Amino acid sequence: DLLQISGLSHGTDVWLGNAQELIHNGTCSISEVIGTRDNIMVYLMHKGLEPDMAFKIMEIVRKGNATKLLTDEHMAAMRSHGVPEWYIESCLKIKYMFPKAHAAAYVIAALRLGWYKIYHKVAYYAAYLTVRGDDLDASLIMLTAEQVRRKMKEITDKGKEATPKELSQYTALQVLLEMKARGIEFLPIDLYKSDATVFKIEDGKIRLAFSSLNGTGENAARAIAAARDDGEGEFMCVDDFQRRAGVSSSVITALREAGALDGLPDTMQISLFDL
């Protein structure tokens with residue numbers, strides 16, 4: 001069934017207006033509909049068709065040419081061997097189909113991801129944010145679950161006026177809300193502990209990467225990490241940090257807003273009034 005689901009969800013005109021209706025109407029079950037291209041050849045051979053003809057019919061159907069290239073001979077052969085009409089009509093609707101091996105690869109990947117998501121959730125979400133966290137910046141990640149819900153509602157309230165970027169962000173917020181619901185905790189940006197682009201696991205929590213700062217690209221994130229590891233020791237002040245990292249004032253602002261510069265003086269210059 002998992003292979004069928006994979007094939008049905010990736011083919012063209014295989015599910016919508018086809019297998020979906022057949023299953024809904026009780027004509028057949030998910031295991032009986034055409035899910036992958038290999039199913040056609042194997043099914044027809046089991047019905048008694050010659051392997052060569054079964055292969056040719058499969059190739060015609062999976063390329064979306066059934067209405068033009070299936071001959072009267074093909075139709076007669078299927079009917080004479082007891083292939084039901086719903087099956088033949090289903091073949092005529094198909095435009096493209098997955099091979100079973102491709103569907104199996106997708107299912108294996110999904111099962112692996114699912115296993116990690118269930119049993120190693122912190123590692124799973126840390127990897128997710130590292131690879132697919134572009135729509136989630138530090139300010140969003142550090143929101144409470146209720147604040148995330150409100151943010152999602154702001155997007156849905158826009159209806160059709162929501163931009164593609166907002167719709168993409170909505171999907172990311174769904175995953176973020178899932179993390180909150182599962183008890184995932186996050187650690188803020190830290191000049192000495194955060195990685196440039198990797199969301200690291202620290203004490204069972206996820207430490208935000210420099211790249212999660214709003215408006216901070218990968219190059220700037222790597223520059224911050226390189227400045228920290230340049231051998232000059234801790235940063236003396238914000239001016240010292242900016243000199244060593246070579247980042248823009250907008251990145252400094254983002255770091256301030258994230259609380260990463262708290263406790264670090266702006267400059268080492270001493271006013272006479274401080275003496």
Side-chain angles (χ1 to χ4, degrees), residues 122 125-155 157-158 162-180 183-230 232-269 271:
V122 178
Y125 290 119
Y128 174 89
L129 288 167
T130 298
V131 177
R132 302 189 62 184
D134 292 344
D135 290 316
L136 292 173
D137 60 45
S139 63
L140 291 174
I141 293 172
M142 298 306 289
L143 294 176
T144 64
E146 185 55 37
Q147 289 172 325
V148 174
R149 290 191 184 93
R150 286 202 294 268
K151 186 68 177 177
M152 293 169 67
K153 187 175 185 301
E154 288 175 10
I155 297 174
D157 286 347
K158 291 185 177 182
T163 65
K165 182 178 180 180
E166 288 174 324
L167 293 175
S168 179
Q169 187 181 76
Y170 184 88
T171 301
L173 288 170
Q174 286 180 308
V175 179
L176 179 60
L177 188 60
E178 177 183 285
M179 296 184 210
K180 304 283 185 181
I184 301 297
E185 297 182 64
F186 299 94
L187 297 170
I189 298 287
D190 187 290
L191 289 182
Y192 302 104
K193 296 180 180 179
S194 291
D195 186 84
T197 59
V198 176
F199 287 71
K200 297 168 64 177
I201 299 173
E202 188 179 318
D203 298 326
K205 303 175 183 178
I206 299 176
R207 174 72 69 179
L208 271 59
F210 292 129
S211 57
S212 67
L213 284 167
N214 188 29
T216 302
E218 183 177 335
N219 290 336
R222 294 191 183 283
I224 296 171
R228 174 193 59 205
D229 302 330
D230 62 7
E232 292 189 35
E234 294 186 359
F235 301 111
M236 302 300 293
C237 60
V238 175
D239 286 347
D240 178 46
F241 165 75
Q242 190 166 17
R243 175 186 62 80
R244 288 160 61 180
V247 294
S248 66
S249 58
S250 63
V251 173
I252 297 296
T253 300
L255 285 165
R256 285 190 192 280
E257 292 175 350
L261 301 180
D262 290 353
L264 198 63
D266 290 339
T267 177
M268 290 304 293
Q269 292 180 355
S271 168

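These numbers come from a predicted model, not from an experiment.
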Give, for atom CD1 of Ile184 and atom CD1 of Ile141, the distance between the pair rounded to the nearest 0.5 Å. 12.5 Å
Where is the tightest heavy-atom contact between Lys180 and Val148, given as atom of each residue plus distance? CE-CG2, 4.5 Å
Any chance CG of Asp157 has more than 12 other-residue heavy atoms, nucleotides or ligands included, within less than 6.0 Å? yes
Check whether more than 12 heavy atoms from other residues, nucleotides or ligands sit under 6.0 Å from atom NZ of Lys151, and answer yes or no. no
Which pair of heavy atoms, one from Ala245 and one from Ala223, lies closest together, and at what distance? O-CB, 3.5 Å
Provide the closest heavy-atom pair for Ser248 versus Ser250 in the form atom of the first, atom of the second, distance. OG-OG, 2.8 Å
From CD (Gln242) to OG1 (Thr267), nearest 0.5 Å: 11.5 Å
Contact list for residues 236-261, test ring-ring contact (aromatic ring centres under 6.0 Å, His included), sequence neighbours left out: Phe235-Phe241
Could you tell me which residues satisfy salt bridge (Lys or Arg N to Asp or Glu O under 4.0 Å) with Asp229, sequence neighbours excluded, listed by chain and number? none
Just how far is it from atom NZ of Lys200 to atom CD1 of Ile206, taken to the nearest 0.5 Å? 13.5 Å
Taking Arg150 first and then Glu154, would you say they form a salt bridge - that is, a charged N and a carboxylate O separated by under 4.0 Å? no
Heavy-atom side-chain proximity of Arg222 to Thr197 below 4.5 angstrom: yes
Please find the pair of heavy atoms, one from Ala196 and one from Ala221, that lie closest to each other, and give the distance. O-CB, 3.4 Å
Presence of salt bridge, Lys205 and Glu202, under 4.0 angstrom: no
CE (Met142) with more than 12 external heavy atoms under 6.0 Å: yes
Just jot down the side-chain contact (heavy atoms from CB on, under 4.5 Å) partners of Gln174, sequence neighbours excluded, or say none. Met152, Tyr170, Thr171
So which pairs with a foot in residues 234-247 pass salt bridge (charged side-chain N to carboxylate O under 4.0 Å, His left out), sequence neighbours left out? Asp230-Arg244, Glu232-Arg243, Glu232-Arg244, Asp240-Arg243, Asp240-Arg244
Leu187 side, atom CG; Leu208 side, atom CG - distance, nearest 0.5 Å: 8.0 Å
Quick one: does Ile155's side chain get under 4.5 Å of Leu173's, heavy atoms only? yes
Residues in side-chain contact (heavy atoms from CB on, under 4.5 Å) with Lys165, at least two apart? Thr163
Does the distance from a Lys or Arg side-chain N to an Asp or Glu carboxylate O, for Arg256 and Asp266, drop under 4.0 Å? yes
Sub-4.5 Å side-chain heavy-atom contact between Arg228 and Leu191: no
Between Ser194 and Arg207, is any pair of side-chain heavy atoms under 4.5 Å apart? yes
Side-chain donor-acceptor contacts of residues 127-139 below 3.5 Å, not counting sequence neighbours, with atom names and distances?
residue : atom : partner : partner atom : Å
Thr130  : OG1  : Ala126  : O            : 2.9
Thr130  : OG1  : Phe199  : N            : 3.0
Asp135  : OD2  : Ser168  : OG           : 2.6
Asp137  : OD1  : Ser139  : N            : 3.0
Asp137  : OD1  : Ser139  : OG           : 2.4
Asp137  : OD1  : Leu140  : N            : 3.1

Minimum side-chain heavy-atom gap Ile224-Leu255 below 4.5 Å: yes
